[in-house]
Amino acid sequence: MKGRTVLYTGAAGGLGLDTTLLLIARGATVVAIDNDLAKVAALKAAATGKGPGTLLVSTADLSDLAGFRATLDQLARHIGGFDVVINNAAIYPSKPFADTSIEEHQAVQRVNVDAGIVAVQAALPGMREKGFGRIVNISSITVSGGWANLSPYVASKMALVGLTRAWAREFGPWGITVNAIAPGAFPTDAEKIHPDPEGYNRMVLDAQAIKRRGTAHDIANAIAFFASDESGFVTGQTLHVNGGWTMN
């Protein structure tokens, strides 16, 4: 990853921090987009001395699409564009569909999908000029079904799978690969929406073929592969990292 510049949304979160540190350790410049100030502070502290790569942080608001694009254009001019885009940031309100307004549904799509579109639009000209690019969309095990009260989130994560395939077809001639990762159930802040944590943990382990909980490093390794030169002949794919919960 030496010499590569990575644009990473949600880079300081539960699944983001380990990946950011791994990419920095491998020599990348990581532009971390995250507006959780406590997590950003923890990321900055953890990244100290992890070189040879570099960490740059922006607290851009992904729900402000015009402002986000302006921030990315400024960053791109400053650092010479982005070689890798990782669309990871997401919001996940838990609510019955019947009680979810269209405005609430659109708010989830704006952060989880539309901001990712903006990120790719900002990075694409530079990738085309270089004849190289890596785009990684973070989907979710929830698209496989079995989760109630998360319909806007599930819809957004399935939209990313569709965009992965469409972009892979369209961008391939320019040497740009596009892949998705669908994480399983990981013990992050997202699990706090479950009212019975112990029961949920048992359910996860019963469902998985591998009888341990996944770690953020499991996701980091998968992302690092798709971001690397070694994945140059893999595109349009969704990799399920879930301990064998679902098998496709």
Side-chain angles (χ1 to χ4, degrees), residues 1 6-28 30 32-34 36 38-51 53 55 57 84-92 94 112 134 136-144 146-147 150 153-154 157 160-161 164 179-194 196-228 230-231 234 237-248:
M1 296 297 296
V6 180
L7 172 62
Y8 193 0
T9 67
L15 293 183
L17 187 145
D18 278 38
T19 306
T20 301
L21 298 181
L22 179 60
L23 295 176
I24 290 171
R26 294 186 179 183
V30 179
I33 310 292
D34 206 301
D36 186 317
K39 291 180 179 179
V40 165
L43 172 61
K44 289 180 177 179
T48 302
K50 291 291 184 182
L55 174 67
V57 174
V84 180
V85 173
I86 305 170
N87 287 317
N88 172 62
I91 57 176
Y92 38 87
S94 178
N112 296 10
R134 298 284 184 267
V136 185
N137 294 321
I138 306 302
S139 183
S140 169
I141 192 175
T142 61
V143 304
S144 301
W147 279 262
L150 285 172
Y153 176 79
V154 174
K157 290 302 183 178
L160 289 176
V161 173
T164 295
N179 292 286
I181 294 172
F186 287 75
T188 65
D189 287 347
E191 287 197 357
K192 293 179 181 178
I193 65 175
H194 297 284
D196 179 9
E198 292 185 7
Y200 180 75
N201 188 68
R202 289 193 300 271
M203 183 271 289
V204 169
L205 293 177
D206 286 344
Q208 292 178 178
I210 297 174
K211 301 305 179 182
R212 68 165 174 85
R213 294 303 303 274
T215 69
H217 205 66
D218 293 318
I219 296 297
N221 287 329
I223 293 176
F225 169 68
F226 279 144
S228 72
E230 284 74 13
S231 63
V234 181
Q237 306 303 310
T238 300
L239 177 63
H240 297 265
V241 183
N242 59 34
W245 186 329
T246 62
M247 300 186 186
N248 299 78

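Nothing fancy with the numbering, it's 1 onward along the sequence. In what follows, every heavy atom counts, from backbone to side chain, and hydrogens, waters and symmetry copies are set aside.
Thr20 and Ala11 make their closest contact through OG1-O, 3.1 Å (heavy atoms, listed as atom of the first residue, atom of the second, distance). Across Ala227 and Met1, no two heavy atoms sit closer than the pair O-SD, 3.5 Å. Taking all atoms of both residues into account, the shortest heavy-atom contact from Ala90 to Tyr153 is CB-CE1, 4.2 Å. In plain terms, the two heavy atoms of Leu15 and Ala216 that are nearest each other are CD2-CA, 4.0 Å. Residues Gly184 and Asn242 share a closest heavy-atom pair of CA-CB, 3.5 Å. In terms of heavy atoms, Leu55 sits closest to Lys44 at CD2-CA, 4.1 Å.
A donor-acceptor pair is defined here as one N or O able to donate and one able to accept, closer than 3.5 Å; such a pair exists between the side chain of Asn88 and the backbone of Gly10. The closest donor-acceptor contact from the side chain of Ser139 to the backbone of Lys157 lies under 3.5 Å. Counting only distance, with no hydrogens or angles, the side chain of Thr9 and the backbone of Ala89 share a donor-acceptor pair below 3.5 Å. Using a distance-only test at 3.5 Å, with no hydrogens or angles considered, a donor-acceptor pair links the side chain of Asn179 to the main chain of Gln237. Judged by distance alone, with hydrogens and angles left aside, the side-chain atoms of Asp34 form a donor-acceptor pair with the main-chain N or O of Ala12 at under 3.5 Å. When atom types are taken as modelled, the side chain of Arg134 and the backbone of Ile86 share no donor-acceptor pair closer than 3.5 angstrom. Side-chain N or O atoms of Asp218 include one that pairs as donor or acceptor with a backbone N or O of Thr215 at under 3.5 Å. Here the side chain of Lys50 pairs no donor or acceptor atom with the backbone of Leu22 at under 3.5 angstrom. With Ser231 contributing its side chain and Phe225 its backbone, the two residues share a donor-acceptor pair below 3.5 Å.
You'll find the side chain of Ile141 stays beyond 4.5 Å of the side chain of His240, heavy atoms only. At a threshold of 4.5 Å between non-hydrogen side-chain atoms, the residues Leu160 and Val143 do not count as touching. In this structure, Asn112 and Ile91 have side chains that are in contact, with non-hydrogen atoms separated by less than 4.5 Å. Counting only heavy atoms from C-beta outward, the side chains of Leu43 and Leu21 approach each other to under 4.5 Å.
Screening Val85, Ile24, Leu23 against Val6 for a side chain to side chain contact (heavy atoms under 4.5 Å, CB included) leaves a single residue, Leu23.
A distance of 6.5 Å separates CZ in Arg213 from CD in Gln208, rounded to the nearest 0.5 Å. Here the CG-OH distance, from Leu17 to Tyr8, works out to 9.0 Å after rounding to the nearest 0.5 Å. Note that the OG atom of Ser140 and the CG atom of Leu150 stand 8.5 Å from one another [nearest 0.5 Å]. For the atom pair Ile181 CD1 and Ile223 CD1, the distance stands at 4.5 Å (nearest 0.5 Å).
Ring geometry, Trp147 versus Trp245: the interplanar angle falls from 30° to 60°, so the pair is classed tilted.
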